[in-house]
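Structure first, then comments.
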Amino acid sequence: MIGIGAGDPDQLTLQAVKAMRDTDVFFLLDKGEAKADLTRLRRDMLETHLADRAYRVVEARDPDRDRSAGGSAYSPAVGDWRSARADIYERMIAEELGEGETGAFLVWGDPALYDSTLGILEEVRERGTVAFDYDVVPGVSSVSALVARHRTGLNRVARPVQITTGRRLAEEGFPEGVDDVVVMLDAHQRFRAFAGEDVDIYWGAYIGTPDEILVSGPVAEAAPRIERLRAEARERKGWIMDTYLLRRAPGER
């Protein structure tokens, strides 16, 4: 499992490149024409760093997920989707990886942060139908890339930071004692709820790619611009990957 960064080919670490050069078969999931950019970026990385050696690319169609499921149905829907992915991974490893060969999944950002590949591979191993071992190569996460592009820190002196989802932010707000919150997987722009408070936002979409968009400032001022840019980008590309840091003034509770 190789973390390949948030999108910028220059974010590949030396360890990631070495692991790629030691790989015989790369497994890619095709997410359809709307997200063809994601597959193309992966292939560009391979062509750049493995031009002098032979390798194979095995693609499979990514199963659809029920994104309409909410409330108590959300976790079961995600579980079903992950199991469907596990079926595909299991088949690819069993059928496409020869004895003594090394296969790899190129994972956006860092495999340990809000990515399902680790859990899915463990599910495949627990089934016991195909035997394999694996290593994890860390990558530059979208969180690290976001704060670097905004030239700010992830946390403040002697203060904690929390990484959460848009769903949890909507349910719980700022965690107790935390004034710096990174929000991922927010399709509904939950940051708008803080427009009446002394909260700044550092937002980014397509971080590290030629389509990168960055906006920062007080939520009350930045939210309308983010909503407009996000809607335009999604309409133009058919998909969007974004994340943001919310920073509350100390004592604003």
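Keep in mind that this is a model prediction, so the values were computed, not measured.
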Looking at [Y] and [X], is there a salt bridge between them, counting it only when a charged N and a carboxylate O are closer than 4.0 Å?
X	Y	value
E101	R56	yes
R21	D52	yes
R91	E96	no
R127	D87	yes
D200	R247	no

How does the hydrophobic cluster around [X] look, that is, which other residues are in it when side-chain heavy atoms under 4.5 Å mark a link?
X	result
L14	none
V157	none
F132	M1, V25, F27, L29, V58, I88, Y89, M92, I93, L97, F105, V107, L118, I120, L121, V124, V130, Y134, V136
V140	none

- Message: Using the side chain to side chain contact (heavy atoms under 4.5 Å, CB included) definition, which of the options R230, R234, R228 pairs with E232?
- Response: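 Exactly one option meets the side chain to side chain contact (heavy atoms under 4.5 Å, CB included) with E232, and it is R228.
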
How close do [X] and [Y] get, heavy atom to heavy atom, and via which atoms?
X	Y	value
T164	V181	CG2-CG1, 3.6 Å
I207	A145	CG2-CB, 3.6 Å
L229	V215	CD1-CG2, 3.7 Å
T23	R53	O-NH1, 2.9 Å

- Message: Tell me whether R248 forms a cation-pi arrangement with F174, defined as NZ or CZ under 6.0 Å from the six-membered ring centre and within 45 degrees of its axis.
- Response: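 Verdict for F174: a cation-pi partner in R248.
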
- Can you find a side-chain donor-acceptor pair between D186 and Y244 that sits under 3.5 Å?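 Looking only at side-chain atoms, Y244 and D186 do form a donor-acceptor pair, the distance falling under 3.5 Å.
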
- Query: Any chance the side chains of W108 and D115 put a donor and an acceptor closer than 3.5 Å?
  - Reply: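 D115 and W108 do not have a side-chain donor-acceptor pair below 3.5 Å.
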
- Message: Using the salt bridge (charged side-chain N to carboxylate O under 4.0 Å, His left out) criterion, which residues pair with D22? Sequence neighbours excluded.
- Response: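 For D22, the residues satisfying salt bridge (charged side-chain N to carboxylate O under 4.0 Å, His left out) (neighbours in sequence not counted) are K18.
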
- Message: By the salt bridge (charged side-chain N to carboxylate O under 4.0 Å, His left out) test, which pairs, at least two apart or in different chains, include something from residues 130-141?
- Response: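 Only R125-D133 qualify under salt bridge (charged side-chain N to carboxylate O under 4.0 Å, His left out).
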
